[in-house]
Amino acid sequence: MARLDDKRKVLKNTARGSDAEISRAMSAVRIFVVAATVAFVGGGFLFVHHHFKQSNPVLRSYGDLILVGPPPWLNEELKEKIGYAATADGEDLRLDEDAAVTIQNHLRKHLVWLADPKVRVNPDSIEISGRWRKPLAQIEVNNTLFYLDAESVVLDYVEVPELPIIQIAGVRLSGLPTIGEALASPDIAAAMAILHRMDKMDRLVTPDAPLLLHIKSINIANFRGRLSKSDPHITMKSVGGTDIVWGAELDAWSEQLEASDEEKLAKLYAYYRQSRCLDDGVRFINLREPRDRIPRPVEPLPRAANPLP
C-alpha cells in the first residue's frame, strides 16, 4: 500500500511538473506572438512613415532659418531677434504647409526691422527675405533710446557699431514713440531728410570712408527759427566737436537767402575729401553762405574765417 501511495505521489509530481513546463511553454509562445505582432506593426509603421517622408518631404520635420540677402551690418543680436520673432507664440519651425504663413505673420507682428517679410519653406529649411530697415538716426525720449530709418520708422534700440547712426538733438515729443510707427514731426523729418541725402552722397562719393562716420549729432532745437530767427535753424556737430552750420531745412534755402542744398552738400564733401576729416582745428564749418554772396556793410563780421573754398 505504501509503495502504491509513493507511486501516486511520483505520478502527481510528474504531472505537476509537466503542467508547469506546458505553462512555461505557452507563456513563451504568447510572448513570442506578442513580440512578433509588435515587430510586424512597428515595421509596417516605419515603412509607411519612411514612404510618407519620401513622398512628402516638407511634412513632419524641422528646419533651420536661413536669411536671404542680409545686409552686412546685420549682427548676431539682430539675428537672435529674428529667431525669437519667427518662433513667437511657441512656433516650433515645423516644416508643414502652414509654416510660411505663420512665420510671416509672426515677423510682421514682432519684428519691425524687416519690412514686407517673405517666407519660403524648403524640404530642410525656412528662407526669410524682405526689405531690411537700416537705422540712420537715434533719438532719446524720457531716457529711452530709439532708432529711425530713412522713412522715420521707429526701431527698437540694438547696438549696431558697424553703422554711422547720428543722434538727433533738440527733439520735441510729448511721449514715448511706438515701435514701428513713422514719426510725422516736421523737425525730425527735416533732420532725417538731410541725413538721408548725406547717406546717398556717402554711397556715391565716399563709399569706403563715409562722411557720416564723422558726424555725431544733428540739432533741430531751433528748427524754423523757433528759438531765434537769426541763428541757424539746423546745425551738426562732428565726432571731434566741430560745429557744422547747415541752416534751413531742405528746399527752404532760398527763403533764408542761403546756399542751395546741392551747394551745401558739395561744400561739405569737398572739404571732407580735401582734409580727410572734419576736425582739423577749425572752429566751425559754415555751409549756408552762398559762394557768390557779397556781405553788406551792415552785416557783422563772422566769428571765424570760413574754411571752405
Without swapping roles, check the side chain of [X] against the backbone of [Y] for a donor-acceptor pair under 3.5 Å.
X: Tyr269; Y: Leu211; result: no
X: Asn219; Y: Ala221; result: yes
X: Glu140; Y: Phe146; result: no
X: Asp116; Y: Gly130; result: no
X: Thr178; Y: Glu181; result: no
X: Asn105; Y: Val101; result: yes
X: Asp149; Y: Glu151; result: yes
X: Asn286; Y: Trp246; result: no
X: Arg133; Y: Val112; result: yes
X: Asp202; Y: Leu212; result: yes

Of all the heavy-atom pairs spanning [X] and [Y], show the shortest one and how long it is.
X: Ile220; Y: Ala191; result: CG2-CB, 3.7 Å
X: Leu250; Y: Arg197; result: CD1-NH2, 3.6 Å
X: His110; Y: Ala85; result: CB-CB, 3.9 Å
X: Val171; Y: Ile168; result: CG2-O, 3.4 Å
X: Trp253; Y: Ser260; result: CD2-CA, 3.5 Å
X: Leu107; Y: Ala86; result: CD2-N, 4.0 Å

With heavy-atom distances below 4.5 Å as the criterion, would you say the side chains of [X] and [Y] are in contact?
X: Ile139; Y: Leu183; value: yes
X: Arg288; Y: Lys264; value: yes
X: Glu258; Y: Glu289; value: no
X: Asp261; Y: Asp251; value: yes
X: Glu127; Y: Val119; value: no
X: Pro135; Y: Leu148; value: no
X: Leu74; Y: Trp113; value: no
X: Trp132; Y: Leu78; value: no

For this session: Apply the test side chain to side chain contact (heavy atoms under 4.5 Å, CB included) to residues Leu65 and Ile128: give CA-CA distance (whole Å), side-chain angles for both, the deciding distance (0.1 Å), then the verdict.
Result: CA-CA 7 Å; Leu65 292 178; Ile128 296 176; 3.8 Å; yes
When clusters are formed by joining ILVMFWY residues with side-chain heavy atoms under 4.5 Å apart, either directly or through shared neighbours, do [X] and [Y] land in the same one?
X: Val158; Y: Val141; result: yes
X: Leu227; Y: Ile218; result: no
X: Leu145; Y: Leu195; result: yes

To the nearest 0.5 angstrom, please state how far the [atom1] atom of [X] sits from the [atom2] atom of [Y].
X: Leu163; Y: Leu136; atom1: CG; atom2: CG; result: 8.5 Å
X: Asp199; Y: Ile194; atom1: CG; atom2: CD1; result: 13.5 Å
X: Met201; Y: His196; atom1: CE; atom2: NE2; result: 13.5 Å
X: Thr87; Y: Ile82; atom1: OG1; atom2: CD1; result: 11.5 Å
X: Ile66; Y: Asn122; atom1: CD1; atom2: CG; result: 7.0 Å
X: Met198; Y: Thr206; atom1: CE; atom2: OG1; result: 9.0 Å

Exercise. With a 6.0 Å cut-off on ring centres, are Tyr272 and His214 close enough?
Worked result: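 Yes.
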For this session: Examine Tyr147 together with Tyr157 and report whether their ring centres are nearer than 6.0 Å.
Result: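 For Tyr147 and Tyr157, the ring centres are under 6.0 Å apart.
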Problem set entry | Electrostatic pair Lys81-Glu76, nearest N-O below 4.0 angstrom |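 Salt bridge absent between Lys81 and Glu76.
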Exercise. Does a salt bridge link Arg226 with Asp187, judged by any charged N lying under 4.0 Å from a carboxylate O?
Worked result: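 So Arg226 pairs with Asp187 through a salt bridge.
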Side-chain donor-acceptor pairs under 3.5 Å in residues 231-241, sequence neighbours left out?
residue: Asp231; atom: OD2; partner: Ser228; partner atom: OG; Å: 3.3
residue: His233; atom: NE2; partner: Gly225; partner atom: N; Å: 3.4
residue: Lys237; atom: NZ; partner: Asp243; partner atom: OD1; Å: 2.6
residue: Ser238; atom: OG; partner: Gly240; partner atom: N; Å: 3.4
residue: Ser238; atom: OG; partner: Gly241; partner atom: N; Å: 3.2
residue: Ser238; atom: OG; partner: Thr242; partner atom: N; Å: 2.8
residue: Ser238; atom: OG; partner: Asp279; partner atom: OD1; Å: 2.4
residue: Ser238; atom: OG; partner: Asp279; partner atom: OD2; Å: 3.3

Exercise. Any chance CZ of Arg203 has more than 12 other-residue heavy atoms, nucleotides or ligands included, within less than 6.0 Å?
Worked result: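 Yes, the 6.0 Å shell around CZ holds more than 12 heavy atoms from other groups.
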